[in-house]
Structures are given as structure tokens and as C-alpha cells.
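Reading through the C-alpha cells given below for one structure.
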Amino acid sequence: MKKTKMLTAIYTIVVCLFSLFITSCTSTKDKRNANKGSKKVVKIIKTPAKPNILVILCDDLGYSDVGFNGSKDIPTPNLDLLAKNGTIFTAAYVAHPFCGPSRAALMTGMYPHEIGAQFNLPPNSGETIKKGISLEETFISKVLDDAGYNTGAIGKWHLGSNPEFHPNVRGFDDFFGFLGGGHNYFPEQYRAAYKKQKANGNKLIWDYLHPLEHNGKQIKETAYLTDAFSREAVRFITDAGKTKDPFFLYLAYNAPHTPLEAKEEDLKLFSHIKDKKRRTYAAMVYAVDRGVKRVKQALIDSGQLDNTLIIFLSDNGGKTTSGATNYPLKEGKGSAYEGGYRVPMFFNWPNVVPAGRKFHTPVSAIDFYPTLARLAGAKIPSGKRLDGKNIWDDFLLQKDAHKDDNIFVMRHRNGFSDVGVRKNEWKAVKAYNQKWKLFNIENDISEKNDVSSLHPAILKELVHNAKLWSDKHVQPEWWHDVKTGVQWKKDDMPKFDETFRIK
């Protein structure tokens with residue numbers, strides 16, 4: 001009897017061990033299959049409600065002019081550290097390859113062509129055309145302000161200079177900067193030039209020379225402009241830290257936009273760069289980087305860093321004739337090729353945004369509006385039109401937020417338009433009034449190999465999609481100069497029937 005029980009026990013143990021072995025093998029096989037083709041298991045951390053939001057926007061910064069995107073001659077250690085401790089977007093797009101329309105898209109969540117803002121506002125627009133982004137459009141700043149955020153805008157505006165278009169009436173509690181499309185950098189220079197023109201009785205003085213302002217009141221600035229904007233960002237963050245409410249800060253540097261003007265001490269750091277434009281441009285980017293260091297330290301000192309989403313990007317591609325590089329992208333500012341509107345970008349938010357990661361699928365700045373509203377728990381106005389989408393969950397899951405979506409760009413020229421449309425790995429481009437071309441943008445980021453003859457059906461679909469998109473466009477509310485507006489009407493633009501014809 002004991003022998004029988006012993007044999008039964010041994011048999012039971014053997015069966016159990018064999019079962020465990022089979023189960024273990026199957027489980028291992030399942031895990032291999034589950035992870036096949038994936039890099040690693042994605043760990044999702046619950047997103048805290050109502051974070052601080054800091055958007056740092058550069059002006060005409062080249063795709064390859066920051067260390068985290070491969071720059072060799074312009075060190076950006078502070079931006080690089082934030083990027084390293086966050087997620088870098090390698091396929092980040094803005095909605096237009098020029099400053100004003102790109103910023104309009106960021107603030108409205110819409111392509112600027114749908115609201116008549118497809119051209120830059122002209123210089124001194126507040127004194128000449130007296131126009132700005134339609135008041136029917138609710139800015140993301142207003143949405144966040146209504147959600148209880150302290151809201152601030154520092155730097156360049158370029159969305160309307162008249163009182164009704166002022167940042168303070170478009171959702172920003174605090175504004176420090178200038179209203180036009182650009183500005184000189186040294187106060188002693190632009191103040192003297194402004195004073196001289198004023199003394200000569202000139203009524204229309206170039207807005208690059210106007211005094212800066214703080215909440216509608218002119219101020220006498222003494223610091224190099226980039227340093228002044230960094231200082232004011234520190235002030236805003238420090239003050240916000242004394243309240244219980246979250247903040248939204250839109251820090252819109254005008255660097256490295258022309259005029260190319262840099263501090264002597266910064267220029268000395270780049271004396272090895274022979275090309276004068278590149279040397280000055282590098283010094284201007286460096287000034288932004290050291291400013292970001294001060295801003296980050298203000299977040300640390302006020303105990304707000306861990307609850308702040310930092311978004312860094314450029315408003316469009318770098319201007320290659322003014323010292324910028326966009327390698328490996330084709331062309332630069334103003335172009336429908338990648339160099340015109342594919343920009344350097346990263347997200348940083350300690351313990352929330354994944355660190356040390358790159359996000360390779362496309363995202364667009366028009367996605368900021370719905371994404372930031374979601375993070376803020378804010379209510380988007382009923383009937384608000386949006387072209388972007390809330391990408392937050394897909395971003396955290398490393399999913400393609402724009403799978404099978406179209407990402408568009410259009411730049412009007414005299415008598416014709418340049419157009420680009422990307423869908424998944426394919427991009428169709430029509431530029432310089434030439435024929436439509438097709439690129440596999442994932443395999444050919446530099447847009448060197450036109451494969452339209454190999455995939456005519458794909459080209460036809462993308463062009464058709466762009467044509468449908470153009471049906472939502474409206475006539476421009478303004479042009480960047482009088483001559484362009486006259487020519488537009490003379491040419492009976494936009495002539496989309498010609499634009500979307502595949503020859």
C-alpha cells in the first residue's frame with residue numbers, strides 16, 4: 001500500500017513538473033510572438049491633471065541646428081538635456097513654412113488657409129491694413145485661461161497689432177514683447193533709430209524699431225532681446241509658482257530670425273566658424289540655449305519642474321540664406337519640401353513623458369490645440385473647427401496618431417502655388433510650377449528619388465486629397481506686401497484647377 005502511494009506521488013510530481021515545463025515554454029513562446037517586431041514593452045504612466053504647459057518656440061531655427069538633431073558646430077547642451085530626458089519627435093510638422101501662418105495654426109488648431117491667414121501680416125500692419133487673425137477664432141490661450149490657467153505670452157506675436165487683436169484680449173493675462181513680425185536685438189541701436197525717425201516727423205516707423213511693450217504699455221528695455229525674453233519668462237514662472245493655479249506660458253523667441261545680431265561674447269565662442277552669417281546665427285541659437293537654462297532653473301527653484309510639460313519647436317524651417325541648415329531635409333524656410341516645415345521638436349515632462357525615446361511617426365503643431373485642452377481638462381468651445389487631433393494617448397503608446405491621415409502644406413507664389421501632402425510613408429509635392437512628384441518619405445527623407453512613375457495610383461490619390469482640402473480654403477485676408485496682393489488679383493489666384501492637374 002505504501003509502495004502504491006509512493007508511486008502515485010512520484011507520478012503526480014512528474015506530471016506537474018512536465019506541465020510546468022510545457023506552460024513555461026508556451027508562455028515564453030507567446031511572449032516572443034507578442035514582442036516580435038516591437039522594440040520594447042511600453043509602460044504607461046497615468047497623466048496628472050492640469051499640468052503647467054510651457055511652449056518654447058524659436059523663429060526660423062534649422063532642423064539640424066540643435067545638438068539633439070545632429071548639430072556639430074552649434075552646441076545646445078541645455079536643450080539637448082531636456083530632449084534626452086524627454087521624447088524627440090523626428091517627424092514634427094508645422095502648418096506653413098512661414099512665421100505668421102504657422103503661428104496662426106498653432107493658436108487656432110486650423111490650417112491658416114481656412115481662415116484667410118495664408119500670408120504673413122505685412123510690416124506695420126497695425127497702422128496700415130489694421131487686420132489680424134479673425135476674432136471669430138478662439139485661441140488655445142483663451143481656452144486654457146477659461147480653464148483656470150495663468151496665461152502668459154513673451155516675445156514675438158505677429159497675429160495682429162491693433163488693440164482688438166492684442167494678446168491681452170486673446171486669452172493671455174500677461175504679454176511682454178513686440179506685436180509685429182520681427183525686431184532688432186540691441187536696444188541702444190533700435191531706440192536711437194526710432195528716436196531719430198520720430199524726430200524727423202516720420203509717422204510710419206518700421207516696427208522692428210518700435211519699443212517693446214508690457215501689457216500694452218511701452219517699456220524701455222536695456223537687454224539684448226533674447227536675454228530679455230528669457231528674463232521675463234523667469235519672472236512669469238516665479239510669479240506663477242506663488243499661486244495655486246497652473247500656468248500656460250508661450251515663450252516665442254524671435255531668434256534666430258533676421259536681422260542677424262549677436263552679442264560679442266557669444267560671437268567669440270564661434271570664432272572658428274568662417275562664414276559670418278553662420279557664425280552670427282550660431283551665436284543667436286546659443287543665446288536661446290542659455291536662456292532655456294535659466295527658464296529651467298526657474299522651474300526647479302519654484303518647485304514646478306515635475307509638473308510642467310515643456311514643448312520645444314521652431315515655427316518653420318531654417319532660412320538657409322541666413323546661416324541655417326536643415327540637413328538631411330531638402331531646402332528650407334518657405335518650401336513645400338521637408339526643409340520648409342519639418343522642424344526640430346521635443347516634449348519633456350519628468351516621470352510622465354518617456355525619457356530617452358524618439359517618436360518617428362508624424363505629428364503636427366495643429367495637434368497642440370486639442371491635445372493641450374485635453375491635458376488641461378479644458379472645454380473647447382462648441383462649434384470650434386479643428387484640423388488637428390488629440391495625440392496624447394497615441395504618443396504615450398507609441399502609436400501613429402496620424403495613420404492614414406493627410407498632412408498638408410501650401411505656399412502661394414506669384415501666379416502659382418507649391419503644395420505638399422503626406423500620408424503614411426508617401427509624400428506628393430508640386431513646387432516651382434513643375435510637375436507633381438512622389439517620394440517614399442520614410443526611405444527618402446531628402447526627397448531625392450521621384451517614384452511617381454512607379455506608383456501613379458498613389459500619386460493620384462494624394463493629389464485628389466489635397467484638392468479636397470483646398471476646397472475649404474478662403475481668399476487671403478491680407479498679403480505680406482501690397483505688390484503681392486495686386487499680383488494675386490491680376491493672376492486670378494489661386495488657380496487650383498491648374499495646381500491639382502497631374503501632367
Side-chain angles (χ1 to χ4, degrees), residues 52-57 59 99-100 103-104 106-108 121 123-127 130-135 137-185 187 190-191 194-195 198 205 207-255 291 294-295 298-299 302 304 372 376:
N52 301 316
I53 300 167
L54 169 59
V55 175
I56 304 175
L57 185 70
D59 199 343
C99 311
R103 292 156 193 267
L106 192 154
M107 285 293 162
T108 65
L121 280 161
N124 299 91
S125 63
E127 300 157 292
K130 301 182 183 298
K131 290 185 177 182
I133 304 302
S134 172
L135 298 176
E137 297 300 329
T138 303
F139 283 13
I140 181 60
S141 46
K142 183 66 168 65
V143 171
L144 296 178
D145 190 51
D146 288 345
Y149 274 67
N150 292 315
T151 54
I154 294 171
K156 173 176 171 174
W157 183 238
H158 208 195
L159 298 172
S161 299
N162 290 91
E164 64 267 32
F165 304 115
H166 194 276
N168 287 148
V169 296
R170 307 226 57 168
F172 286 105
D173 304 320
D174 193 304
F175 171 69
F176 181 99
F178 59 90
L179 299 172
H183 208 282
N184 288 19
Y185 289 81
Y190 68 72
R191 255 202 327 266
Y194 181 83
K195 183 179 180 180
K198 198 85 169 175
I205 302 174
D207 49 10
Y208 276 49
L209 304 177
H210 282 220
L212 299 187
E213 67 161 81
H214 185 203
N215 294 333
K217 295 182 180 180
Q218 290 187 356
I219 62 160
K220 185 178 179 180
E221 182 55 65
T222 58
Y224 176 70
L225 226 56
T226 301
D227 293 343
F229 295 153
S230 299
R231 179 199 70 218
E232 291 302 308
V234 169
R235 171 190 61 79
F236 179 87
I237 290 169
T238 302
D239 290 347
K242 299 174 184 176
T243 73
K244 295 181 179 179
D245 297 324
F247 71 77
F248 168 54
L249 177 58
Y250 173 60
L251 175 53
Y253 288 108
N254 59 315
R294 293 181 60 192
V295 171
L299 289 169
S302 61
Q304 298 179 94
L372 298 184

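Side chains included, hydrogens not; waters and symmetry mates left out as well; all remaining heavy atoms used.
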If the threshold is 4.0 Å, N to carboxylate O, is there a salt bridge linking Asp146 and Lys142? yes
With sequence neighbours excluded, tell me which residues meet side chain to side chain contact (heavy atoms under 4.5 Å, CB included) with [X].
{"X": "Tyr208", "value": "Asn184, Trp206, His257, Pro259"}
{"X": "Ile219", "value": "Phe176, Leu212, His214, Glu221"}
{"X": "Asp145", "value": "Thr151, Asp173"}
{"X": "Lys242", "value": "Thr238, Asp239"}

Note, [X] side chain near [Y] side chain (heavy atom, < 4.5 Å):
{"X": "Tyr253", "Y": "Ile56", "value": "yes"}
{"X": "Ile205", "Y": "Asp207", "value": "no"}
{"X": "Leu57", "Y": "Tyr250", "value": "yes"}
{"X": "Tyr190", "Y": "Tyr185", "value": "no"}

Side chain to side chain donor-acceptor pair (under 3.5 Å) partners for [X], two or more places apart:
{"X": "Ser302", "result": "Gln304"}
{"X": "Tyr149", "result": "none"}
{"X": "Thr243", "result": "Asn150"}
{"X": "Asp59", "result": "Arg103, Lys156"}

Using the ring of each side chain (for Trp, its six-membered ring), is Phe139 parallel, tilted or perpendicular to Trp157, with breaks at 30° and 60°? tilted
Set of ring pair (Phe, Tyr, Trp, His ring centres under 6.0 Å) partners for [X], sequence neighbours left out:
{"X": "Phe175", "result": "His166"}
{"X": "Phe178", "result": "His183"}
{"X": "His210", "result": "Tyr194"}

Of all heavy-atom pairs between [X] and [Y], which one has the smallest distance, and what is that distance?
{"X": "Pro211", "Y": "Gln218", "value": "CG-OE1, 3.6 Å"}
{"X": "Ala376", "Y": "Leu144", "value": "CB-CD2, 3.4 Å"}
{"X": "Thr222", "Y": "Pro187", "value": "C-CG, 3.6 Å"}
{"X": "Gly291", "Y": "Ser230", "value": "CA-OG, 3.2 Å"}
{"X": "Ala255", "Y": "Thr226", "value": "CB-OG1, 3.7 Å"}
{"X": "Ala153", "Y": "Leu249", "value": "N-CD1, 4.4 Å"}

ask   = Does Pro246 offer a backbone N or O that forms a donor-acceptor pair with the side chain of Asn52 under 3.5 Å?
value = no
Problem - Under 3.5 Å: donor-acceptor pair, side chain of Arg231, backbone of Ala223 - result: no
For the [atom1] atom of [X] and the [atom2] atom of [Y], what is their distance to the nearest 0.5 Å?
{"X": "Ile154", "Y": "Ile237", "atom1": "CD1", "atom2": "CD1", "answer": "7.5 Å"}
{"X": "Leu179", "Y": "Ser125", "atom1": "CG", "atom2": "OG", "answer": "8.5 Å"}
{"X": "Asn162", "Y": "Lys131", "atom1": "CG", "atom2": "NZ", "answer": "11.5 Å"}
{"X": "Leu135", "Y": "Glu137", "atom1": "CG", "atom2": "CD", "answer": "10.0 Å"}
{"X": "Ser141", "Y": "Asn168", "atom1": "OG", "atom2": "CG", "answer": "10.5 Å"}
{"X": "Met107", "Y": "Ile133", "atom1": "CE", "atom2": "CD1", "answer": "10.5 Å"}

(request) Would you indicate whether Lys198, at its atom NZ, is surrounded by more than 12 heavy atoms from other residues, nucleotides or ligands within a distance under 6.0 Å? (result) no
* **salt bridge (Lys or Arg N to Asp or Glu O under 4.0 Å) against Asp245, all qualifying residues, sequence neighbours excluded** =>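 If we apply the salt bridge (Lys or Arg N to Asp or Glu O under 4.0 Å) test to Asp245, skipping adjacent residues, there are no hits.
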Intermediate values then yes/no, side-chain contact (heavy atoms from CB on, under 4.5 Å), Phe247 and Ile53: CA-CA 6 Å; Phe247 71 77; Ile53 300 167; over 6 Å; no
